[in-house]
**Q** 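The structure follows.
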Amino acid sequence: MSLVTRCPACGTAFRVQPAQLAAQSGTVRCGKCGELFNGVAALVAPGEERLALEPSPQLGLFDPSRRQPEPPPSEEEPPAPFMAEPRPRRGALWATLSVLALLVLLGQVLYRYRAEVAAMLPATRAPLASLCRSLGCQVPLPRRPELLSIDSSELQADGRREGLIALNAVIHNHAGFSQDYPSLEVTLTDEADRPVLRRVLVPGDYLDAQGREVLAQGIAPGSLTSVRVLLDTSRIGATGYRLYLFFPS
């Protein structure tokens with residue numbers, strides 16, 4: 001004898017056998033909507049209005065061999081981009097450090113060659129001087145001795161006083177910018193070319209009054225500067241000399 005039970009969720013009625021209800025303690029699953037319900041409590045009493053009975057898909061619910069295999073559990077989906085764990089911004093950090101290192105390097109180069117930069121770009125002298133004041137430094141004129149030369153020099157006796165000689169020389173600035181006046185080392189020698197007197201002349205020693213007034217402007221690019229110095233040789237008997245220019249370190 002078959003019984004009729006009705007799904008309380010979708011209202012579908014279907015036939016069941018008493019043995020099927022007893023095997024599952026009365027629990028059945030609707031073959032149409034998949035709802036689990038108590039088939040005994042949902043039995044349709046005899047004599048009710050005619051029911052449109054569905055085929056018996058519910059029988060498969062009680063036969064494990066006929067059950068549809070359940071889909072395998074889906075793998076956990078990766079979190080959405082906005083929920084992903086933040087990664088360390090190493091790229092941004094290295095970029096920032098690289099920029100800072102570059103700025104430090106540029107600052108060192110600018111400090112080392114501030115005189116040349118100010119000479120090549122006169123408009124930068126005032127800002128560099130202002131920056132140097134805050135750092136306790138100055139913006140001197142460039143000092144490139146390899147771009148300076150002594151084009152000519154000679155010793156002449158001064159007829160106004162015996163034993164007094166005049167050293168005349170011409171300094172040539174080959175650079176394309178103004179340079180500081182160099183120091184001059186004069187070495188007087190005897191007949192055997194042995195040094196008998198050595199003297200270092202700073203710009204204030206060999207420039208005349210007019211030259212000392214424009215000392216801060218330096219030697220203009222490509223220009224020549226005449227030097228004249230009087231030396232007393234009355235007690236040393238010098239007959240020759242050596243002369244070279246340099247910048248004190």
**Q** Could you name each residue pair satisfying salt bridge (charged side-chain N to carboxylate O under 4.0 Å, His left out) that touches residues 147-157, not counting sequence neighbours?
**A**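 Non-adjacent pairs meeting salt bridge (charged side-chain N to carboxylate O under 4.0 Å, His left out): zero.
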
**Q** Is there a side chain to side chain contact (heavy atoms under 4.5 Å, CB included) between Leu188 and Leu231 once you walk through the steps?
**A** CA-CA 10 Å; Leu188 300 181; Leu231 300 172; 4.3 Å; yes

**Q** What residues form a side-chain contact (heavy atoms from CB on, under 4.5 Å) with Pro221, not counting sequence neighbours?
**A**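 side-chain contact (heavy atoms from CB on, under 4.5 Å) list for Pro221, sorted by chain: Ser178.
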
**Q** Shared ILVMFWY cluster between Leu215 and Leu201, side chains joined below 4.5 angstrom?
**A**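 Result: yes, single cluster for both.
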
**Q** Between Thr12 and Cys30, what is the shortest heavy-atom contact and its length?
**A**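 Residues Thr12 and Cys30, closest heavy atoms: CB-SG, 4.4 Å.
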
**Q** Which residues, ordered by chain and number, are linked to Tyr244 in its hydrophobic cluster, where ILVMFWY side chains connect at heavy-atom gaps below 4.5 Å, directly or through other members?
**A**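 Traced through the cluster, Tyr244 reaches Val200, Phe246.
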
**Q** When Ile, Leu, Val, Met, Phe, Trp and Tyr are grouped by side-chain heavy atoms lying under 4.5 Å apart, directly or through other members, which residues fall in the same group as Tyr111?
**A**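 None; Tyr111 is a cluster of one.
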
**Q** Taking salt bridge (Lys or Arg N to Asp or Glu O under 4.0 Å) as the definition, give me every residue that meets it alongside Asp232, ordered by chain and number, with sequence neighbours left out.
**A**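 Listed in chain order: Arg161.
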
**Q** Side chain to side chain contact (heavy atoms under 4.5 Å, CB included) between Val196 and Thr189: does it pass, once the steps are laid out?
**A** CA-CA 5 Å; Val196 294; Thr189 60; 5.7 Å; no

**Q** List the atom of Leu230, the atom of Arg199, and the distance in Å for their closest heavy-atom pair.
**A**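 That would be O-NH1, 4.2 Å.
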
**Q** What residue pairs, at least two apart or across chains, pass disulfide bond (SG atoms under 2.5 Å apart) with a residue in residues 189-249?
**A**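 Every candidate disulfide bond (SG atoms under 2.5 Å apart) pair involving residues 189-249 fails, so no pair, neighbours aside, qualifies.
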
**Q** Please name the pair of heavy atoms, one in His172 and one in Gly222, separated by the smallest distance, quoted to 0.1 Å.
**A**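 Scanning both residues completely, I find the closest heavy atoms to be NE2-O, 3.8 Å.
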
**Q** Over all heavy atoms of both residues, which pair between Leu141 and Ala216 is shortest? Give the atoms and the distance, please.
**A**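 Leu141 and Ala216 have their closest heavy atoms at CD1-O, 3.2 Å.
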
**Q** Scan residues 136-145 for pairs that pass salt bridge (charged side-chain N to carboxylate O under 4.0 Å, His left out), counting only residues two or more places apart or in two chains.
**A**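 Counting only pairs at least two positions apart or across chains, the salt bridge (charged side-chain N to carboxylate O under 4.0 Å, His left out) contacts touching residues 136-145 are Arg143-Asp180, Arg144-Glu146.
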
**Q** Using distance only, find each side-chain donor-acceptor pair of residues 129-137 under 3.5 Å and give its atom names and separation, not counting sequence neighbours.
**A**
| unit_1 | atom_1 | unit_2 | atom_2 | d |
| --- | --- | --- | --- | --- |
| Ser134 | OG | Leu131 | O | 2.5 |

**Q** Identify, with sequence neighbours excluded, every residue that meets salt bridge (Lys or Arg N to Asp or Glu O under 4.0 Å) alongside Arg198.
**A**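 If we apply the salt bridge (Lys or Arg N to Asp or Glu O under 4.0 Å) test to Arg198, skipping adjacent residues, the hits are Glu185.
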
**Q** Enumerate the disulfide bond (SG atoms under 2.5 Å apart) contacts for residues 164-249, please, sequence neighbours excluded, ordered by first and then second residue.
**A**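 Listed once each, the pairs would be none.
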
**Q** Can you pull out every salt bridge (charged side-chain N to carboxylate O under 4.0 Å, His left out) where at least one residue sits in residues 238-249? Sequence neighbours excluded, please.
**A**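 Counting only pairs at least two positions apart or across chains, the salt bridge (charged side-chain N to carboxylate O under 4.0 Å, His left out) contacts touching residues 238-249 are Asp193-Arg242.
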
**Q** Are Phe247 and Leu148 side-chain neighbours, meaning at least one heavy-atom pair lies under 4.5 Å?
**A**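 A side-chain contact exists here, since the closest heavy-atom pair is under 4.5 Å.
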
**Q** Which residues pass the side-chain contact (heavy atoms from CB on, under 4.5 Å) test with Ser223, sequence neighbours left out?
**A**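 Result, side-chain contact (heavy atoms from CB on, under 4.5 Å) vs Ser223: Ile219, Ala220.
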
**Q** Using a 3.5 Å distance criterion without hydrogens, assess whether the side chain of Ser183 forms a donor-acceptor pair with backbone atoms of Val202.
**A**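 Such a contact is absent between Ser183 side chain and Val202 backbone.
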
**Q** Are Leu224 and Leu245 linked, directly or through intermediate hydrophobic residues, by side-chain heavy-atom contacts shorter than 4.5 Å (ILVMFWY only)?
**A**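 No: no chain of side-chain contacts under 4.5 Å links Leu245 to Leu224.
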
**Q** Consider side chain to side chain contact (heavy atoms under 4.5 Å, CB included). Of Ile171, Leu167, Asp205, which one does Leu184 pass it with?
**A**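 Considering Ile171, Leu167, Asp205, a side chain to side chain contact (heavy atoms under 4.5 Å, CB included) with Leu184 is found only for Ile171.
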
